[in-house]
Enquirer: 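So that we are looking at the same thing, I have put the structure below in structure tokens.
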Amino acid sequence: MTRILVSKSNAIIPFISSFYILPSSSIRPYSSLKGKVGVRINVENEVKCLDDAVNLFNRMVRMKPLPSLPVFCTLLKTMVNMKHYYAVISLFREMRKLDIPINEFILSNVINNYCMMHRVDCAFSLLPIHLKSGIPFNVVTFTTLIRGLFAENKVTDAVVLFKNLVREKICEPNEIMCGTVMNGLSKRGHTEKTLSLLRLMEQGNTKPNIYIYNVVIDAFCKDRNLDAAISILNEMKQKGIPPDIVTYNSLIDGLCKLGQWEKVKTLLSEMVNLNIYPNVLTFNILIDGLCKEGKVEDAEEVMRHMIEKGVEPNIITYSVIMDGYCLRGQVDRARRVFDIMIDKCIEPDIFSYSILINGYCKKKEVAKAMQLLGEISQKGLKPETVTYNTILHGLFEVGRIGDAKRVYAEMLSVGPKPSIYTHSTVIDGYFRWSKFSEMRTFMVEMADRGFSFDASTAGFLVNVVRENPSVLDMIPELHSKNKY
DNA sequence: ATCGACGTAT
């Protein structure tokens with residue numbers, strides 16, 4: 001199936017060029033006035049890397065008197081932001097060992113740290129510290145835990161926790177907690193439940209705010225239910241909550257993906273009339289919409305226009321245009337955009353590489369794709385599961401089975417976890433080239449590492465056997481080690 | 001201190 005949409009009437013280019021003038025200088029949001037904590041320690045200024053953080057911590061614990069708890073708290077928070085999760089845990093343990101007192105804010109940061117590591121189980125195991133030390137629970141702690149559960153796809157657990165908190169009156173859910181639950185539900189396809197929560201909030205004490213409405217609108221847009229999204233937009237307007245740039249970006253994205261360019265124009269005019277000006281995301285959405293219709297030249301035109309208006313393209317702008325060229329089979333042009341991007345001092349990320357690799361694979365230029373795969377680690381980046389899936393698919397497509405085997409082995413050693421798509425790509429590849437013994441070995445190894453058949457591989461296998469019953473003998477009986 | 005909008009593979 002091609003991803004290029006059939007174009008609807010669209011004179012979006014002259015429209016975009018004509019309809020607004022950006023304010024001369026963009027308004028900067030508040031600068032970092034927050035976070036000034038403690039006596040002479042400005043954690044944000046002092047800590048630029050892990051070493052800084054650990055050194056500062058070691059200095060702090062030797063100070064007499066000890067720095068205030070907010071200083072420790074800010075340090076831990078800074079480290080969580082820098083993704084030094086393991087270091088946070090060891091510093092927290094050190095604090096416990098040194099009998100440095102802790103408070104609810106420090107604990108909620110450590111809990112958040114575990115959630116960011118996708119270890120919500122460890123996060124929950126900190127709750128006894130609250131109880132033993134008599135530290136009160138707060139909404140933030142529970143909101144963090146709910147977010148952690150969603151992050152690990154434990155939707156039921158998240159909902160159960162939320163319901164219990166409300167029913168047992170353990171804490172009063174605020175807009176942010178409700179928003180977290182609704183965001184988690186909507187991102188996992190439960191738009192209906194998200195909407196019922198909105199209706200509940202409208203009747204309760206915690207009235208929905210702009211964030212909540214934006215979550216609901218985005219959920220409907222992702223479901224391609226633009227009518228419902230727009231009726232929520234009208235509801236919020238009626239209630240006196242003005243839509244913001246996020247609201248408009250969600251809606252414009254939904255409309256672009258449906259090819260409804262006339263409505264896109266209406267919304268663009270509407271937002272500008274409200275003095276809400278398109279930002280880099282808005283332009284990226286428009287550029288992506290055009291690219292997916294195969295109109296990369298128009299997309300480039302929009303890019304020139306945004307630069308004229310003082311909105312700088314970012315790495316996503318370039319990725320979108322690169323993918324646009326790849327969709328039309330013009331991978332060399334995509335490559336040129338890639339190089340231009342580097343000239344503009346924007347370092348390619350794993351997305352940029354994956355898009356190019358996909359482009360080369362589509363053109364069956366797997367050698368170039370392999371070369372790029374090698375370049376990724378040289379640049380200090382890590383290929384993702386998607387990157388490997390793409391290249392494995394490309395290699396099997398041209399029958400380079402030996403290379404595919406090597407790449408799969410590399411994937412296992414480098415670390416990104418094979419997904420259901422990886423498995424079906426490999427099984428499908430072996431099958432298509434009648435490599436039944438390899439297919440068999442692969443399936444056994446797959447089961448040994450704890451994977452069983454899933455919706456994707458099972459469907460594929462059923463089809464294979466239906467068309468070619470003799471393959472049945474090649475398929476091993478698998479007993480996944482993860483199951484009982 | 002906690003929440004929202006854009007890009008890659010099947």
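In what follows, chains carry the letters A, B, and so on, assigned in the order in which the sequence lines appear, proteins first and then strands, with residues in each chain numbered from 1.
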Enquirer: Ignoring hydrogens and angles, answer whether the base of B:dA5 and the side-chain atoms of A:N279 contain a donor-acceptor pair closer than 3.5 Å.
Expert: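 Checked by distance alone, the answer is yes.
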Enquirer: Any salt bridge (charged side-chain N to carboxylate O under 4.0 Å, His left out) pairs touching residues 137-152 of chain A, not counting sequence neighbours?
Expert: A:E152-A:K154
Enquirer: Going by centres under 5.5 angstrom and planes under 30 degrees, do the aromatic ring of A:F351 and the base ring of B:dG7 stack?
Expert: yes
Enquirer: At less than 4.0 Å, is any side-chain N or O atom of A:N358 found next to OP1 or OP2 of B:dT8? Yes or no.
Expert: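 No, no such contact exists.
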Enquirer: Tell me whether the OP1 or OP2 atom of B:dG4 has a side-chain N or O from A:K222 closer than 4.0 Å.
Expert: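 So the side chain of A:K222 is outside the cut-off, no N or O lying under 4.0 Å from OP1 or OP2 of B:dG4.
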Enquirer: Between A:F283 (CZ) and B:dC6 (P), how many Å, whole number?
Expert: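 So the two atoms are 17 Å apart, to the nearest Å.
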Enquirer: For A:N209, which contact category applies under a 4.0 Å heavy-atom criterion: base, sugar-phosphate, or nothing?
Expert: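 If one applies the 4.0 Å heavy-atom cut-off, A:N209 turns out to touch nothing in the nucleic acid.
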Enquirer: Please test A:Y360 against A:V366 for side-chain contact (heavy atoms from CB on, under 4.5 Å), starting from the C-alpha separation and ending with a verdict.
Expert: CA-CA 6 Å; A:Y360 281 120; A:V366 285; over 6 Å; no
Enquirer: Identify which one of A:V320, A:I321, A:L327 satisfies the side chain to side chain contact (heavy atoms under 4.5 Å, CB included) criterion when paired with A:D323.
Expert: A:L327
Enquirer: Counting only side-chain nitrogens and oxygens, does A:K257 get under 4.0 Å of the OP1 or OP2 atom of B:dA5?
Expert: no
Enquirer: Which nucleotide sits closest to the side chain of A:S108: B:dG4, B:dA1, B:dG7?
Expert: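 The answer is B:dA1.
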Enquirer: Ion pair present between A:D332 and A:R335, side-chain N to carboxylate O less than 4.0 angstrom?
Expert: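 Not counted as a salt bridge, because no side-chain N and carboxylate O are separated by less than 4.0 Å.
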Enquirer: To the side chain of A:I316, which of B:dC6, B:dA9, B:dC3 is closest?
Expert: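 My answer, after comparing the listed nucleotides, is B:dC6.
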Enquirer: Nearest whole Å is fine: how far is B:dA1 P from A:N81 CG?
Expert: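 Answer to the nearest Å: 11 Å.
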Enquirer: Using whole Å, what does the distance between atom P of nucleotide B:dC6 and atom CG of A:L255 come to?
Expert: 14 Å
Enquirer: Give me each pair satisfying salt bridge (charged side-chain N to carboxylate O under 4.0 Å, His left out) with a member in residues 370-387 of chain A, each pair once, sequence neighbours excluded.
Expert: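 Every pair satisfying salt bridge (charged side-chain N to carboxylate O under 4.0 Å, His left out) with a residue in residues 370-387 of chain A: A:E375-A:K379.
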Enquirer: What contact category does A:I176 fall into here, base, sugar-phosphate, or nothing, at under 4.0 angstrom with non-hydrogen atoms?
Expert: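 Since a base atom lies under 4.0 Å of A:I176, the category is base.
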Enquirer: Given side-chain contact (heavy atoms from CB on, under 4.5 Å), test A:V414 with A:Y388 step by step and report yes or no.
Expert: CA-CA 11 Å; A:V414 171; A:Y388 281 110; 3.7 Å; yes
Enquirer: Could you point out which residue of A:Y325, A:Y318, A:Y353, A:F351 forms a ring pair (Phe, Tyr, Trp, His ring centres under 6.0 Å) with A:F338?
Expert: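 Exactly one pass, corresponding to A:Y353.
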Enquirer: Just to be sure I understand the geometry, which residues of residues 364-387 of chain A put a non-hydrogen atom under 4.0 Å away from DNA chain B?
Expert: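 Close to the strand are A:E384, A:V386.
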Enquirer: Under 6.0 Å between ring centres, would you say that holds for A:F124 and A:Y114?
Expert: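 Ring centroids of A:F124 and A:Y114 are no less than 6.0 Å from each other.
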Enquirer: Counting the atoms with a prime plus P, OP1 and OP2 as sugar-phosphate, which does A:D349 contact under 4.0 Å by heavy atoms, base, sugar-phosphate, or nothing?
Expert: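 Contact class for A:D349: base.
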Enquirer: Could you tell me how far apart A:L198 (CG) and B:dC3 (P) are, to the nearest whole angstrom?
Expert: 20 Å
Enquirer: Mind checking A:I285 for me? I need base, sugar-phosphate or nothing, with any heavy atom below 4.0 Å counting as a touch.
Expert: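 If one applies the 4.0 Å heavy-atom cut-off, A:I285 turns out to touch the sugar-phosphate alone, with no base involved.
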Enquirer: Verify the contact: side-chain N or O of A:K77 to OP1 or OP2 of B:dT2, cut-off strictly under 4.0 Å; return yes or no.
Expert: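 Result: yes.
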Enquirer: Is there a side-chain contact between A:N284 and the phosphate of B:dG7, meaning an N or O under 4.0 Å from OP1 or OP2?
Expert: no
Enquirer: Nearest-Å distance, NZ (A:K292) to P (B:dC6)?
Expert: 13 Å
Enquirer: Please determine, for the side chain of A:T390, which listed nucleotide (B:dC3, B:dA9, B:dA5) has the closest atom?
Expert: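 The closest nucleotide is B:dA9.
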Enquirer: Which of these nucleotides, B:dT8, B:dA5, B:dG4, is closest to any side-chain atom of A:D323?
Expert: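 Closest nucleotide to the A:D323 side chain: B:dT8.
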Enquirer: Please work out if A:S354 contacts a base, only the sugar-phosphate, or nothing of the nucleic acid, heavy-atom cut-off 4.0 Å.
Expert: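 It contacts base atoms.
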Enquirer: Measure from CD1 on A:I245 to P on B:dC6 and round the result to the nearest Å.
Expert: 13 Å
Enquirer: In whole angstrom, give the distance that lies between atom CE of A:M116 and atom C1' of B:dA1.
Expert: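 Distance check: A:M116 CE to B:dA1 C1' gives 13 Å.
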Enquirer: Kindly say if A:R147 contacts the phosphate of B:dC3, meaning a side-chain N or O under 4.0 Å from OP1 or OP2.
Expert: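 So the side-chain polar atoms of A:R147 do come within 4.0 Å of the phosphate oxygens OP1 or OP2 of B:dC3, strictly under.
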Enquirer: Do NZ/NE/NH1/NH2 and the carboxylate oxygens of A:R328 and A:E297 come within less than 4.0 Å?
Expert: yes
Enquirer: A:S250 near the nucleic acid: base, sugar-phosphate alone, or nothing, with a heavy-atom cut-off under 4.0 Å?
Expert: sugar-phosphate
Enquirer: For the pair made of CZ in A:F137 and C1' in B:dA1, what is the distance, rounded to whole Å?
Expert: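 Distance, rounded to whole Å: 17 Å.
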Enquirer: NA contact type, A:D288, heavy-atom cut-off 4.0 Å: base, sugar-phosphate, or nothing?
Expert: sugar-phosphate
